[in-house]
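To keep things clear, I will list the structure first and then write my remarks on it.
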Amino acid sequence: MIPLSVYVHIPFCTVKCSYCDFNAYAGMDNLKESYAAALVSEVQAWRHVLAGAAIATIGFGGGTPGEVPATHIAAVIDAIRAEATLAAGAEISLEANPGSITGGYLGELAHAGVNRISFGAQSFDPAELSFLDRIHSPEAIGAAMKLAREAGIASVGLDLMYGLPDQKMSTWRDSVSSAVALGVDHISLYALTIEDGTPLAGRVEREEVVPLDPDSVATMYEAASEWLAAAGYLQYELSNWARPGHESRHNQVYWTGGDYLGIGAGAHGFIAGERYEDIAHPRTYIHAAKMLAPSGRRPNTVVRAYRPDEPTAMCDWVTLALRRLEGFPPGAFRARFGRELDEVFGPPLADCEAAGVLSRGEHIRLTSRGRLLHGEVAVRLLAHATATR
Ligand code: SF4
């Protein structure tokens with residue numbers, strides 16, 4: 001049995017948030033049913049990959065998977081079960097918005113096999129929630145957590161955002177403290193980024209909104225790291241903290257270069273060294289999926305597939321591995337690529353070490369300062385890989 005994970009993209013949201021550049025759409029509720037059927041068709045069309053695979057994790061992301069009926073989620077899980085073997089204790093995770101779920105809905109998800117849920121809380125401050133276009137109240141977050149626990153979902157977490165324009169350290173501290181007080185199992189912290197083409201980027205261009213300065217953003221990240229450590233949460237990745245045993249197994253597959261199928265509009269997959277990407281628009285995706293049948297080849301919902309050249313593959317692998325706090329032993333690189341790490345990336349790694357960004361011992365990992373500069377490290381690795389190609 002080959003270990004495999006599956007990512008399922010649900011592109012629907014109640015409101016399109018002004019800062020969001022994900023493949024997510026509001027106002028497409030009428031497509032939900034046909035989209036679920038398209039997902040099932042795509043799962044079946046990957047039969048040649050799923051047969052003989054042991055599915056370790058399934059992750060429903062989006063968009064907002066919690067906005068589609070639980071029967072649709074169950075249908076996709078059942079389709080995966082019909083084509084592959086679900087490993088014992090497989091993690092099945094789903095993202096949802098607090099405020100738009102009920103106890104009955106969560107019970108149906110748990111019955112379908114969902115054992116991990118992450119709520120897009122973002123903030124416990126009403127003004128910040130309003131700025132972010134989020135449709136839930138701070139109170140809804142605690143209520144959603146309680147309902148998820150009552151439904152028997154084993155791991156319950158939430159996401160918070162920092163670095164918002166005008167955000168005060170006091171509101172940031174309150175949000176992190178409120179999450180801790182709820183006893184969440186997992187917390188993801190994301191800095192607000194101004195993405196080109198979003199309504200928020202337009203407001204910044206028109207000088208209606210002034211982004212928070214980078215030093216304040218970094219201070220918020222470092223402060224939260226301290227608060228969460230003091231509360232007993234273990235940071236295991238740049239943006240992720242968990243109580244012991246509640247780390248996301250699905251996301252670890254991405255960071256360790258594991259294989260995963262991507263199913264759904266705009267989903268990305270990585271199978272046996274090949275990356276691929278599905279048709280992005282839900283309507284076009286649904287249309288293409290109508291003509292799908294298991295054929296032993298890549299389904300026609302895939303719009304782009306390519307095998308990264310070796311320097312790019314090595315660079316991707318190291319960059320992702322450095323997101324994990326434990327980093328990686330050089331032997332893991334050798335086992336993967338048959339080359340010595342220093343032979344390939346010696347100069348940029350030495351530079352990063354000299355700058356105090358990276359430590360090199362039994363494991364190569366970022367230092368606490370380096371965690372703020374992961375993007376810089378990635379740029380250096382890529383520049384070196386490109387120059388020596
Ligand atoms: S809920 Fe999430 S995915 Fe949907 S629009 Fe807002 S940020 Fe984007």
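When a ligand or atom number is given, it counts from 1 through the structure's own listing order.
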Task: Derivation and outcome, ring pair (Phe, Tyr, Trp, His ring centres under 6.0 Å), residues Tyr276 and Trp46 - done: CA-CA 13 Å; Tyr276 73 86; Trp46 284 106; 4.9 Å; yes

Open item on the list: Between Tyr25 and His281, does the ring pair (Phe, Tyr, Trp, His ring centres under 6.0 Å) criterion hold? Intermediate values first, please.
Closed with: CA-CA 9 Å; Tyr25 306 82; His281 198 279; 5.2 Å; yes

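- For ligand 1, the atoms closer than 4.0 angstrom to any heavy atom of Tyr19 are 7 (S).
- Under 4.0 Å is where a charged nitrogen must lie from a carboxylate oxygen, and between Asp278 and Arg298 no such pair does.
- Residue pairs satisfying the salt bridge (charged side-chain N to carboxylate O under 4.0 Å, His left out) criterion with at least one member in residues 337-347, sequence neighbours excluded, are listed as follows: Glu310-Arg339, Arg334-Glu340, Arg339-Glu343, Asp342-Arg360.
- With a 6.0 Å radius and a threshold of 12 heavy atoms from other residues, nucleotides or ligands, Glu150 has its CD atom above the threshold.
- Here atom 4 (Fe) of ligand 1 has protein N, O or S atoms under 2.8 Å from it, and they come to 1.
- Checked options Arg249, His250, Glu91; the residue passing with Thr57 is His250 (criterion: side-chain hydrogen bond (donor to acceptor under 3.5 Å, both in side chains)).
- Heavy-atom proximity to Arg134, at under 4.0 Å, picks out these atoms of ligand 1: 1 (S), 2 (Fe), 6 (Fe), 7 (S).
- Under the 4.5 Å side-chain heavy-atom criterion for grouping Ile, Leu, Val, Met, Phe, Trp and Tyr, Phe333 is not connected to Val253 through any hydrophobic cluster.
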